[in-house]
Amino acid sequence: MTSLSDPLDLPHGPAWTNRFALAPLTNTQSHADGTLSDDEHDWLVARGRGGFGLVMTCAAYVDPAGQAWQGQLGIASDVHLPGLTRLADSLRATGARSAVQLHHGGRRADSALTGQPLQAPWDDPKTGAVALTTAGVEAMVETFVAAAVRAEQAGFDGAQVHGAHGYLVGQFLDPRHERTDRYGGSLANRLRPTMEVLDGIRSATGPDFQVGLRLSPEGFGVTVDEGVETTRQVLASGLLDHLDLSLWDVRMRPRNEDGERLLMDHFTDLPRHGTRLGVAGLVQSAADATWCLEQGADIVTVGTGAILHHDFAALATADPGFRVRERPVPREVLRDESVGAAFIDYLADGWDGLVA
């Protein structure tokens with residue numbers, strides 16, 4: 001039986017020291033130009049010291065037009081490289097592996113911040129988003145590839161493409177809207193932007209660079225059946241080192257399906273072709289994390305637990321009875337866990353019951 005403390009080998013690059021990955025958590029701590037702040041640096045490095053096998057940045061925008069919130073990290077320009085290099089160096093010193101999550105907000109970007117029209121796979125009168133042309137999609141692919149190359153230059157072990165939560169890459173997977181070029185219609189066409197991004201990154205980076213992808217296996221227009229087929233194809237592509245399924249709750253059942261089968265169960269029995277499979281959603285204890293491995297996951301991705309305990313991974317691997325502290329928690333407790341002031345304000349405004 002695999003244990004939480006077992007090292008994890010991947011098809012490319014160095015092994016992780018254990019089965020825990022830090023979730024790519026929005027933290028609103030970057031400077032206005034997307035450069036790294038001291039608070040964001042310290043938040044992430046504390047999780048490296050806290051024993052996470054992989055420390056992932058928040059979603060970092062690959063194109064200024066794709067910025068989705070104030071205080072978002074950027075990887076769209078060489079202006080961002082000094083801070084990213086500092087972060088990669090600091091994480092390496094902790095013994096953790098590191099990755100940047102690559103993101104474009106698409107129709108969920110904030111044009112008030114960017115000063116640019118929203119981009120999407122289709123025209124969206126509700127948001128004012130304008131459909132990308134075929135050439136525009138090709139250019140989008142290149143921005144993701146360039147950002148991954150920048151992550152490698154900075155010294156990160158890898159990058160993860162954000163294809164979940166209805167952001168631009170994931171928006172192409174939504175079958176409810178039509179395109180008439182090679183990026184619309186069939187699932188194969190709608191999946192093409194994702195595959196071109198992954199293939200481009202794999203071709204443009206070195207043999208030890210680790211490539212990941214995050215998907216929403218259900219929701220944002222994606223049915224379970226299409227989520228399964230999408231997952232099957234990306235696992236079979238040979239392009240990925242790790243795939244993270246954002247489940248919201250690892251024990252949830254499909255929304256439109258009767259029976260006892262968990263949503264996770266639709267995916268853990270798919271052939272992986274060497275890719276490591278991660279799951280995320282309400283992992284609150286060592287027992288929860290161990291249960292995920294027992295269900296067939298290779299990696300356990302932790303969000304809230306890592307906010308509450310910078311050393312969640314170390315505590316959970318050392319103590320099978322470990323469980324996160326009760327909430328709400330005082331601001332000073334979060335400060336002691338290297339959660340900066342802007343992040344605490346964001347949590348207080350948007351996360352019910354977390355901050356006292």
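In this structure, Thr231 OG1 and Arg272 CZ are separated by 11.0 Å, a value rounded to the nearest 0.5 Å. Taking CD of Gln67 as the start and CH2 of Trp69 as the end, the distance is 9.0 Å to the nearest 0.5 Å. Taken to the nearest 0.5 Å, the OG1 atom of Thr94 stands 8.5 Å off from the CZ atom of Arg49. Gln295 CD to Asp269 CG: the interatomic distance, rounded to the nearest 0.5 Å, is 11.5 Å.
With hydrogens and angles ignored, the 3.5 Å screen pairs a side-chain donor or acceptor of Gln171 with a backbone N or O of Gly105. Put simply, the side chain of Asp265 gets close to the backbone of Leu262: a donor and an acceptor are under 3.5 Å apart. Of the possible donor and acceptor atoms, none in the side chain of Arg331 sits under 3.5 Å from a partner among the backbone N and O of Ala356. Arg276 contributes no side-chain N or O that, together with a main-chain N or O of Leu243, makes up a donor-acceptor pair within less than 3.5 Å. Checked by atom type and distance alone, the side chain of Gln72 never pairs as donor or acceptor with a backbone atom of Thr28 at under 3.5 Å. Between the Gln29 side chain and the Gly340 main chain, a donor and an acceptor come within less than 3.5 Å of each other. Between the Ser37 side chain and the Glu40 main chain, a donor and an acceptor come within less than 3.5 Å of each other. In terms of modelled atom types and a separation under 3.5 Å, the side chain of Ser216 and the main chain of Ala164 share no donor-acceptor contact. Of the possible polar contacts, one joining the Arg202 side chain to the Phe209 backbone as a donor-acceptor pair under 3.5 Å is found.
Closest heavy-atom contact between Gln101 and Pro24: NE2-CG, 3.3 Å. Across all non-hydrogen atoms, the minimal contact from Pro125 to Asp123 is CD-O, 3.7 Å. Minimum heavy-atom separation, Val279 to Asp244: N-OD1, 3.7 Å. Shown here for Asp298 and Thr275, the closest heavy-atom pair between the two residues is OD2-O, 4.1 Å. Scanning both residues, Trp122 and Arg107, for their nearest heavy atoms gives CZ2-CD, 3.7 Å. Shortest non-hydrogen contact noted between Leu36 and Gly83 is CD2-O, 3.2 Å.
The aromatic rings of Tyr346 and Phe343 lie tilted to each other, with the angle between the two planes from 30° to 60°. Aromatic ring pairs are classed by plane angle as parallel below 30°, tilted from 30° to 60° and perpendicular above 60°; the pair Phe20 and Phe52 is perpendicular.
Ionic pairing of Arg179 and Asp181 is present here: one or more N-O contacts between side-chain nitrogen and carboxylate oxygen are shorter than 4.0 angstrom. Here Arg325 pairs with Glu337 in a salt bridge; the nearest charged N to carboxylate O distance falls below 4.0 Å. Between Arg47 and Asp311 there is no salt bridge, since no side-chain N of the basic residue sits under 4.0 Å from a carboxylate O of the acidic one. Under the 4.0 Å criterion applied to side-chain N and carboxylate O atoms, Arg232 and Glu226 are not assigned as salt-bridge partners. Looking at Asp39 and Arg335, no side-chain N of the basic residue comes within less than 4.0 Å of a carboxylate O on the acidic one, giving no salt bridge. Ion pairing between Arg92 and Asp89 holds under the 4.0 Å rule for side-chain N and carboxylate O. Salt-bridge formation is not detected for the pair Asp249/Arg251: no Lys NZ or Arg NE/NH1/NH2 atom is positioned less than 4.0 Å from an Asp or Glu carboxylate oxygen.
No side-chain heavy atom of Asn18 sits less than 4.5 Å from a side-chain heavy atom of Leu8. The closest side-chain heavy-atom distance from Thr35 to His31 is below 4.5 Å.
There is a side-chain donor-acceptor pair under 3.5 Å between His12 and Asp241.
Ring centroid separation for the pair His103 and Tyr61 does not come in under the 6.0 Å cut-off.
The number of heavy-atom neighbours closer than 6.0 Å to CD of Glu326, taken from other residues, nucleotides and ligands shown, is 12 or below. More than 12 heavy atoms of other residues, nucleotides or ligands sit less than 6.0 Å from atom CG of Asp349.
Checking Val329, Val302, Leu347 one by one against Ile307, the side chain to side chain contact (heavy atoms under 4.5 Å, CB included) holds for a single residue, Leu347. The one candidate from Leu245, Val228, Leu263, Asp225 that meets the side chain to side chain contact (heavy atoms under 4.5 Å, CB included) condition with Glu218 is Leu263.
A cation-pi arrangement is present between Arg108 and Tyr167 under the rule of less than 6.0 angstrom and at most 45 degrees off the ring axis.
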